[in-house]
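The next block holds one structure in the form of structure tokens; read it before the comments.
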Amino acid sequence: MHLGVFEVLGPQVGGTLSWPHPRSAGANFTSLEHWVHLAQVIDRAGFTFLFLADTFGYPTADGELAETAAARGINFPTLDPAVVVTALARATERLGFVVTSPTGLDHPVQTARRFATLDHFTEGRIGWNIVTGSAQDVVAELFGHDEMILHDERYAMADEYVDTALNLWEGSWEDDALVVDRAAGFYADPAKIHRVSFEGRWFRSSGYFASPPSPQRTPVLFQAGTSERGRAFAARNAEAVFVQATTMDATAQAVADIRAKVAAHGRDPRSVTTIIGVTVVVAPTHAEAVARRREFEALQSDEIVAALYSHNTGIDLLSLDPDGTLEQVLGRGAAGQTGQTNITRFTGGDGEPAKTVREVLDALRGRGTRGFAITGDPVEVADGLERILDATDLDGFMLEPVFAPGDVEDFVALVVPVLRERGRLPQAPTTGTLREQLSGRGSARLPADHPGASRRRSQNAP
């Protein structure tokens, strides 16, 4: 069972309200020590990675910053997660770090250099969560564009973007190009450093990649989109997929579909690590855990979850008829290119009726965050995690704390020992690069069946 923690450099994760609670230190998100403490706790406990989400967007109402977002700290404000990673890597021994970075806001060369630098300074413990850009026209406006590029077209751009970066990481330096011979004063063999050229519909690049080869060369490639186009992108590119589903059946179907699509690309379907979010509230007794969960739920409101949903989808639930379904806005063509996963989960299918707007609000308010929710004593939580894992073919979980870092500290103290005793976690934390820890294999490099591996230079290739 792989374990990660899902976080954002903001007051709280998941668009919920938790930072005012005494158990939460979320208001300290601008403090480096806040993040060092969290990283060290999960590093010592054997977690595989800390996942840092990111977006330039924010909840809006009629194109303006939503008052609820600013007043209550709902997905606003935020900081840049890439900047904090090197400090966290220095303070930890083996923990991986997954940083979210979009494919539509800067050039692939910038991203390739940034992640090569992070891979060096983390000693191979970095991953890239690939997103195709924020699902908001407000971000397009922020960056000076007239409108957001359509959903499927953003994925076409992302394929080219990743290809360009892979060419740089894998195709510019041969494995023995870096010499660093002090006696001879010979740093690198110019015959083994190659010009890399790419020309597509969206991106062009030709030149030499100036960053020397890092431990993994290519960061571990994560991806979280589970729309049909998102899964196709994952099957081609991703090494780890953040599955977004809320029922056992839907999760199992999503995992099976991802693995089948990966196999269709000639890749080993078991080489892709599948992860889902889970909100765990654990305490020594069931009653204490339930009481703590109720404290969290009491902080939420329709206004808060509506601001979150608007942030994810562009749909203002509070402006709709509460007895109608989302079709009242989808039918007008006013949505559909943004946050599709968060829309389709409420529009019915597989024999399930579409939910009313009131039911959507209740579902979001009651659940608080994405994925599954488990509340109970340590044995109940461990049982719940094992049931999900066994029923869905998932490989692990990302904890989405409601009161951070208290929830994570409780999980480490109470649940990790149970999982170790049951053999779900190793007795001693695994080590190595992030790719080695996720795959269980001894190589820090992309597997041979990944498309990026074909870009490697043979010795003295032109």
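Along the sequence shown, residues carry numbers from 1. What you see below is based on every heavy atom in this structure, not just the backbone, and it leaves out hydrogens, waters and symmetry mates.
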Which donor-acceptor pairs under 3.5 Å do the side chains of residues 378-399 make with protein atoms, sequence neighbours left out?
residue, atom, partner, partner atom, Å
Glu380, OE1, His286, ND1, 3.0
Glu380, OE1, Asp377, N, 2.7
Glu380, OE2, His286, ND1, 3.2
Asp383, OD1, Arg422, NH1, 2.7
Asp383, OD1, Arg422, NH2, 2.9
Glu386, OE1, Arg422, NH1, 2.7
Glu386, OE2, Arg424, NE, 2.7
Asp390, OD1, Arg424, NH2, 3.0
Asp390, OD2, Arg424, NH2, 3.1
Thr392, OG1, Ile388, O, 2.6
Thr392, OG1, Leu394, N, 3.3
Asp393, OD1, Arg270, NH1, 3.3
Asp393, OD1, Arg270, NH2, 3.2
Asp393, OD2, Arg259, NE, 2.9
Asp393, OD2, Arg270, NH1, 2.8
Asp395, OD2, Arg259, NH2, 3.1
Asp395, OD2, Thr274, N, 2.8
Asp395, OD2, Thr274, OG1, 3.1

For Arg94 versus Thr48, what's the shortest heavy-atom pair and its separation? NH2-CA, 4.0 Å
Among Thr325, Val357, Val360, Thr356, whose side chain to side chain contact (heavy atoms under 4.5 Å, CB included) with Phe346 holds? Val360
Between Asp43 and Arg125 (salt bridge meaning N to carboxylate O under 4.0 Å), is one present in this structure? no
First locate atom CG of Leu38, then atom CD of Glu33, and finally report the distance between them rounded to the nearest 0.5 Å. 12.5 Å
Do you know which of Phe49, Phe233, Phe115 makes ring pair (Phe, Tyr, Trp, His ring centres under 6.0 Å) with Phe222? Phe49
Is it true that Asp323 and Arg358 make a salt bridge, defined as a side-chain N closer than 4.0 Å to a carboxylate O? no
May I ask you to decide whether Arg201 forms a salt bridge with Glu153, counting only side-chain N to carboxylate O separations under 4.0 Å? yes
Do Phe372 and Ile276 come close enough that some side-chain heavy atom pair is under 4.5 Å? yes
For residues 64-87, which side-chain N or O atoms pair as donor and acceptor with protein atoms under 3.5 Å away, sequence neighbours left out?
residue, atom, partner, partner atom, Å
Asn75, OD1, Gly15, N, 3.2
Asn75, ND2, His311, NE2, 3.3
Asp80, OD1, Ala82, N, 3.0

Distance (rounded to the nearest 0.5 Å) between His450 NE2 and His265 NE2: 10.5 Å
Measure centre to centre between the rings of Phe56 and Phe143, then say whether the value is under 6.0 Å. yes
Assess whether salt bridge (Lys or Arg N to Asp or Glu O under 4.0 Å) is satisfied between Arg236 and Asp163, documenting all intermediate values. CA-CA 11 Å; Arg236 178 180 185 267; Asp163 285 348; 2.7 Å; yes
side-chain hydrogen bond (donor to acceptor under 3.5 Å, both in side chains) between Gln216 and His120, worked out: CA-CA 9 Å; Gln216 296 182 124; His120 277 294; over 6 Å; no
Tell me whether Asp407 is salt-bridged to Arg292, with the criterion being a basic N under 4.0 Å from an acidic carboxylate O. no
If the threshold is 4.0 Å, N to carboxylate O, is there a salt bridge linking Asp410 and Arg23? yes
Which atom names give the shortest non-hydrogen contact between Arg267 and Pro451, and what distance separates them? CD-CD, 4.1 Å
Flag the pair Tyr161 / Phe203 as yes when their ring centroid distance falls below 6.0 Å, and as no otherwise. yes
